[in-house]
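Okay, structure first, notes after.
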Amino acid sequence: MPHKIEDLKPCIATVQVDNEQVRVTRYTFPPGTDTGWHTHGHDYVVVPTRAGTLTIIDKDGSTRDVDYVPSESYFRTLGAEHDVANLSDNTVEFVEIELK
């Protein structure tokens, strides 16, 4: 059963490394969870570790589904402002590496 945006709970964010050069955080998204609204203050790389689909909710309220495939990494620049939500029935996970 799909989950509703208004009913989401926080995902699990586990900081693995945080030093002068990088911050590495593992994000685990059980069904019905999200990151909450945030703005990226650093360039970053996302490394999916558990396959699934997450919904990106942009500042203007638009949404888009993104498929996460283990080891298919991507890079984004600082300034992105969004919420990342798991509206599916499967747990999804990735590691985010912020470049300070």
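Note that the coordinates shown come from a computational prediction; the quantities given were computed from them, not determined experimentally. FYI, side chains are in, hydrogens and waters are out, and symmetry mates aren't considered; it's all heavy atoms of this structure.
K100 is listed as a side-chain neighbour of H42, based on a closest heavy-atom distance under 4.5 Å. Put simply, the side chain of L54 reaches to within 4.5 Å of the side chain of F29, judged on heavy atoms.
Linking ILVMFWY side-chain heavy atoms closer than 4.5 Å, directly or via other members, places I56 and L8 in two distinct hydrophobic clusters.
Residues that satisfy the side chain to side chain donor-acceptor pair (under 3.5 Å) test with S73, not counting sequence neighbours, are absent from this structure. By the side chain to side chain donor-acceptor pair (under 3.5 Å) test, E96 is found to be paired with no residue, residues two or more places apart in sequence or in another chain being considered. In this structure D58 satisfies the salt bridge (charged side-chain N to carboxylate O under 4.0 Å, His left out) test together with R64, sequence neighbours excluded. Residues satisfying the side-chain contact (heavy atoms from CB on, under 4.5 Å) test with A51, not counting sequence neighbours, are P70. Residues satisfying the side-chain contact (heavy atoms from CB on, under 4.5 Å) criterion with K59, sequence neighbours excluded, are E81. Applying the side chain to side chain donor-acceptor pair (under 3.5 Å) test to T53 and every residue at least two apart in sequence or in another chain returns D67. Judged as a side chain to side chain donor-acceptor pair (under 3.5 Å), and not counting sequence neighbours, T77 has no contacts.
Through ILVMFWY side-chain contacts below 4.5 Å, I12 is grouped with nothing and stands alone. Other members of the hydrophobic cluster containing V45, listed by chain and number, are V17, V22, V24, V47, F75, V95, I97, L99; membership follows side-chain contacts under 4.5 Å among ILVMFWY residues, whether direct or relayed. Chaining together hydrophobic side chains whose heavy atoms lie under 4.5 Å apart leaves V15 on its own.
The CG atom of L87 lies 7.5 Å from the CG atom of D65; values are rounded to the nearest 0.5 Å. In this structure, CZ in R76 is found 11.5 Å from CG in D43, a value given to the nearest 0.5 Å.
Pairs of residues two or more places apart, or lying in two chains, that qualify as ring pair (Phe, Tyr, Trp, His ring centres under 6.0 Å) and include a residue from residues 52-72 are Y68-F94.
Look at R50 and E93 and you find no salt bridge, because none of the NZ, NE, NH1 or NH2 atoms lies under 4.0 Å from a carboxylate O.
When only modelled atom types and interatomic distance are considered, S62 and D60 share a side-chain donor-acceptor pair under 3.5 Å.
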Would you tabulate the side-chain donor-acceptor contacts of residues 30-39 under 3.5 Å, counting partners in other chains and residues two or more places apart, or write 'none'?
| from | atom 1 | to | atom 2 | distance (Å) |
| --- | --- | --- | --- | --- |
| T33 | OG1 | P30 | O | 2.7 |
| T35 | OG1 | H38 | ND1 | 3.3 |
| T35 | OG1 | D83 | OD1 | 3.2 |
| T35 | OG1 | V84 | N | 3.1 |
| H38 | ND1 | G36 | O | 2.9 |
| H38 | ND1 | H82 | O | 3.2 |
| H38 | NE2 | H40 | NE2 | 3.1 |
| H38 | NE2 | H82 | NE2 | 3.3 |

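N86 places a side-chain N or O within 3.5 Å of a backbone atom of N90 that can act as its donor or acceptor partner.
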